[in-house]
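In what follows, a single structure is set out as structure tokens and then discussed.
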Amino acid sequence: MQAFSSTFRRLMSSKQLPKSFKSVIYSAHDIADCTQVLKVQNYVPKERLEESILLRTLAFPINPSDINQLQGVYPSKPEKVLDYSTKEPSAIAGNEGVFEVLSVPREESSLKVGDWVIPLHSNTGTWSNYRTFMDSKSLIKVNGLDLYSAATISVNGCTAYQLVNDYIDWDPKGNEWLIQNAGTSGVSKIVTQIAKANGIKTLSVIRDRDNFEEVAKELEQRYGATKVISESQNSDKHFSASELPQILGPNAKIRLALNSVGGKSSASIARKLSPNSTMLTYGGMSKQPVTLPTSLFIFNGLKSLGYWITENTKKEPDSKVATVKKILKLYENGHLVSPEPDVNVLEWDVDEFSDEQLLNLVKKGIKDSGKNVVVLKW
């Protein structure tokens, strides 16, 4: 306890203790241009820092769900409050990020200064330089990860792990497969790695493109996909009847389909499932409905379910904690690689950036395609 107390006193007397916080906030929504609702707010936190878990932000991604929240179309939204010295109730943007513990109350024993943590729940607001939490149970330690893995483990990592492991009782000795569309997505890349570590084979479907062979080779060699096929092949009845059986091999069972596209693509992957299998829909990038043949339900015993990590965590918070711990083991054992090569880094110089520069940086991350991660330079 004495060692901790001296650490706490050194921190409290140093320049690390912030006099004010800076956050990207919003009080309204705009579906046409959500960047218009954002502003940078400087404020004195209402919490007493010596009684709170004080965190500084290391990095946060700009996810599609964050943008949908700003647009007002996402089913889960944070409560808008008057805690940030604003005239109107506001919320801090962002649902995911990784933080470093700067100080903890004397009675708090599960965290220490220097730990890396992520919030357990969504809607906590991550687009900020500092945050405070009153309860360590609202945080999950992610020590040992690189910055980009830690910043994205809560959504992509946990989604991928639960999709693979929570719905099917796999037989590692059998020739068992899962099929997924959007094979180049962040979730899909983690799915293939987790599946490979568990002896599950993966058939990843990607959009037709000029450099198809190059992309397919990277997905197979770097991310562990067993086989990559195009959407044209996915919808081709001749391919499914003649070529696909040769790819799968003898006694193959495709037991799980992971759908994040919808439309024609979702029907095509569902048709490839073995009898009494499951399709999980966790996204709809095509913005087209999931329309499935009646025969798949009647004659093939298809089970079609929706998946949402936010709702899963609300219902069973402990499952999120357990999932993160298992993913940490996969990284530790070399079964997962960092998403860093796929990340577009946007650097926020905490000491030098004006509010306008920070706002423009975030707006750029919203408007630019790809996986954008804001990294704070302290």
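All values below come from the heavy atoms of this structure, side chains included, with hydrogens, waters and symmetry mates left out.
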Quick check against the 3.5 Å criterion: does [X] have a side-chain atom that pairs as donor or acceptor with the backbone of [Y]?
{"X": "Asp146", "Y": "Tyr148", "value": "yes"}
{"X": "Ser128", "Y": "Tyr130", "value": "yes"}
{"X": "Ser286", "Y": "Val261", "value": "yes"}

[X] side chain near [Y] side chain, heavy-atom distance below 4.5 Å:
{"X": "Ser268", "Y": "Lys272", "result": "yes"}
{"X": "Pro89", "Y": "Leu82", "result": "yes"}
{"X": "Lys264", "Y": "Gln288", "result": "no"}
{"X": "Asp66", "Y": "Thr126", "result": "no"}
{"X": "His121", "Y": "Thr313", "result": "yes"}
{"X": "Leu49", "Y": "Ser103", "result": "no"}

Checklist line | Rounded distance (nearest 0.5 Å) linking atom CZ of Arg255 with atom CD of Glu176 | finding: 4.5 Å

Do [X] and [Y] have side-chain atoms, one donor and one acceptor, less than 3.5 Å apart?
{"X": "Ser90", "Y": "Glu88", "result": "no"}
{"X": "Glu231", "Y": "Ser265", "result": "yes"}
{"X": "Thr132", "Y": "Glu47", "result": "yes"}
{"X": "Tyr74", "Y": "Asn95", "result": "no"}
{"X": "Ser76", "Y": "Thr310", "result": "no"}
{"X": "Asp349", "Y": "Gln357", "result": "no"}
{"X": "Ser154", "Y": "Lys320", "result": "yes"}
{"X": "Gln180", "Y": "Thr202", "result": "no"}
{"X": "Ser138", "Y": "Asp135", "result": "no"}
{"X": "Asn68", "Y": "Gln71", "result": "yes"}

Step through the shown structure and confirm whether more than 12 heavy atoms of other residues, nucleotides or ligands are within 6.0 Å of [atom1] on [X].
{"X": "Asn251", "atom1": "CG", "result": "no"}
{"X": "Lys364", "atom1": "NZ", "result": "no"}
{"X": "Glu316", "atom1": "CD", "result": "no"}

Margin query: Just checking Phe99 against Trp378, ring centres under 6.0 Å apart?
Written below: no

Check: For Leu280, which of Ile168, Asn259, Leu163 qualifies under side-chain contact (heavy atoms from CB on, under 4.5 Å)?
Finding: Leu163

Next item on the list: Determine, for Lys253 against Asp171, whether the closest basic-nitrogen to carboxylate-oxygen distance falls under 4.0 angstrom.
Entry: no

Margin query: Check Asp342 with Lys371, please: is the shortest side-chain N to carboxylate O separation under 4.0 Å?
Written below: no

Checklist line | Stepwise side chain to side chain contact (heavy atoms under 4.5 Å, CB included) check, Val375 with Leu58 | finding: CA-CA 6 Å; Val375 175; Leu58 300 178; over 6 Å; no

Next item on the list: Measure up the Phe60 and Trp127 rings against each other and bin them: parallel (under 30°), tilted (30 to 60°), perpendicular (over 60°).
Entry: parallel

Next item on the list: With side-chain hydrogen bond (donor to acceptor under 3.5 Å, both in side chains) as the test, would you mind laying out the steps for Ser85 and Gln41 before giving the verdict?
Entry: CA-CA 8 Å; Ser85 302; Gln41 183 73 3; 5.2 Å; no

